[in-house]
Amino acid sequence: MPRTNCERTPAQPTSVKQRQRYARMLRAAAHLGAVHGLEGVQMHDVARRSGVAIATLYRYFPSKTHLFAAVLHDQVSRLEAGTPPPPPGAGPVEAVSELLTGASRQLFEQPLLALAMLQSNNVSHVGDGSPVRRTDEILVDLVLRTAGVTDPGEQDRRVVRILEQAWYGLLTTVLYERSSPEAAHDGIRLACRLLLGPVLAGRRASGRA
């Protein structure tokens, strides 16, 4: 079975057919990951289910962690595209809390896939060495947009990155069965209030919000 050096930058699809093939591979990985988890998925099964040669799969995903990090990247990109701007008058902290708790519920519906994606994302960041936006950058931009921050500074981004890390941590406590979804959702709301609340209040006081 051909294998590719995992240190190589993964290829990116450019043509319509390549993008369609790429999407099939992601769908196949998501389906198998939801059933078998990261360790139980075999690359040749992903290739077979998506109807591509194994060499093609390795060209785009040099390892299984690259593959499931890309699945997470795809899902976060879809979340970004499908999340409308908050309605006028919506509380920004509450809007971000709803965004993150809603995303959490979707992840908890397929815990094996969610854990596979988060584990893979820890060691294989989609976007490194390529023009593709990193998964964490997409999420940071989405949180800022949901909070109504249109001109974020570096301090704003740092706070949201910390919130993102807190969210990932709360997700994993549930996926490793160390906490309940309800406790995680409470933690997400608390993290949003503690982290975003002071920042947004400061922006309002300075006339930037």
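Here the structure is a predicted model, which is why all the values come from computation and not from measurement.
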Taking every heavy atom of V143 against every heavy atom of L100, the minimum-distance pair comes out as CG2-CD2, 4.4 Å
With a 4.5 Å heavy-atom cut-off, do H185 and R189 have their side chains touching? yes
Qualifying residues under side chain to side chain contact (heavy atoms under 4.5 Å, CB included), relative to E94, sequence neighbours excluded: none
Could you tell me if the side chain of T150 sits less than 4.5 Å from the side chain of R145, heavy atoms only? no
Please report the interatomic distance OG1(T83) to CG(L142), rounded to the nearest 0.5 Å. 5.0 Å
Roughly how far apart are E98 CD and C192 SG, rounded to 0.5 Å? 10.5 Å
Say whether L26 and V16 are linked into one hydrophobic cluster, either directly or through other cluster members, by side-chain heavy-atom distances under 4.5 angstrom. no
side-chain contact (heavy atoms from CB on, under 4.5 Å) with W167: which of I188, T101, I162? I188
Run the side chain to side chain contact (heavy atoms under 4.5 Å, CB included) test against E177 and tell me which residues pass, sequence neighbours left out. none
Are the side chains of H36 and L112 in touch, meaning some heavy atoms are under 4.5 Å apart? no
Closer than 3.5 angstrom, by distance alone: can the side chain of Q18 be matched with the main-chain N or O of S15 as a donor-acceptor pair? yes
Closer than 3.5 angstrom, by distance alone: can the side chain of T56 be matched with the main-chain N or O of V52 as a donor-acceptor pair? no
Determine whether H44 and L57 make a side-chain contact, defined as any pair of heavy atoms from C-beta on separated by less than 4.5 Å. no
Can you find a pair of side-chain heavy atoms, one from P92 and one from L196, that are under 4.5 Å apart? no
Measure up the Y22 and Y60 rings against each other and bin them: parallel (under 30°), tilted (30 to 60°), perpendicular (over 60°). perpendicular
M43 versus L67: any side-chain heavy-atom pair under 4.5 Å? yes
Heavy-atom closest pair (P84 atom, G82 atom, distance to 0.1 Å) is CD-O, 3.4 Å
Working note: Q155 + V199, criterion side chain to side chain contact (heavy atoms under 4.5 Å, CB included); need CA distance, chi angles, decisive distance, verdict. CA-CA 9 Å; Q155 180 71 7; V199 171; 5.6 Å; no
Side chains of L115 and L38 in contact at under 4.5 Å (non-hydrogen atoms): no
Separation of T135 OG1 from E80 CD (nearest 0.5 Å): 11.0 Å
Is there a donor-acceptor pair closer than 3.5 Å between any side-chain N or O of T172 and the backbone N or O of G169? yes
Do L194 and V96 land in one hydrophobic cluster if side-chain heavy atoms of ILVMFWY residues count as linked below 4.5 Å? no
Do L200 and L190 sit in the same hydrophobic cluster, where Ile, Leu, Val, Met, Phe, Trp and Tyr count as joined when their side-chain heavy atoms come under 4.5 Å apart? no
Would you say the side-chain atoms of Q75 pair up with the backbone N or O of V71, donor to acceptor, closer than 3.5 Å? no
Give the C-alpha distance, both sets of side-chain angles, the deciding distance and a yes or no for side chain to side chain contact (heavy atoms under 4.5 Å, CB included) between S179 and L170. CA-CA 8 Å; S179 182; L170 289 163; over 6 Å; no
For a quick test of reading the model, state the closest non-hydrogen atom pair linking H66 to P62 and the distance between them. CG-CD, 3.7 Å
Same cluster or not: are L113 and V35 linked, directly or through other Ile, Leu, Val, Met, Phe, Trp or Tyr residues, by side-chain heavy atoms under 4.5 angstrom apart? no
Are L107 and Y168 in one and the same hydrophobic cluster, where Ile, Leu, Val, Met, Phe, Trp and Tyr link if side-chain heavy atoms are under 4.5 Å apart? yes
Which atom names give the shortest non-hydrogen contact between V160 and V140, and what distance separates them? CG1-CA, 3.8 Å
Could you report the tightest heavy-atom contact between A29 and F68, atom names first, then the distance? O-CE2, 3.3 Å
Taking side chain to side chain donor-acceptor pair (under 3.5 Å) as the criterion, tell me which of R49, R48, Q42 meets it with D45. R48
Run the side chain to side chain contact (heavy atoms under 4.5 Å, CB included) check on I138 and S77 step by step: do they pass? CA-CA 7 Å; I138 296 173; S77 297; 3.4 Å; yes
Which atom of S104 lies closest to which atom of L171, heavy atoms considered: OG-CD2, 3.4 Å
Would you confirm whether R19, through its side chain, and T14, through its main-chain N or O, come within 3.5 Å as a donor-acceptor pair? yes
Show, in sequence, the C-alpha distance, side-chain angles and deciding distance for N121 and T65, and conclude whether the side chain to side chain contact (heavy atoms under 4.5 Å, CB included) test is met. CA-CA 7 Å; N121 194 61; T65 55; over 6 Å; no
CG-OG1 distance between L99 and T146, expressed to the nearest 0.5 angstrom: 4.5 Å
Before accepting this row, confirm whether a basic side-chain N of the pair E154/R161 lies closer than 4.0 Å to the acidic partner's carboxylate O. yes
CD of Q106 to CZ of R78: how many Å apart, nearest 0.5 Å? 11.5 Å
Flag the pair F108 / L175 as yes when at least one side-chain heavy-atom distance between them is below 4.5 Å, and no otherwise. yes
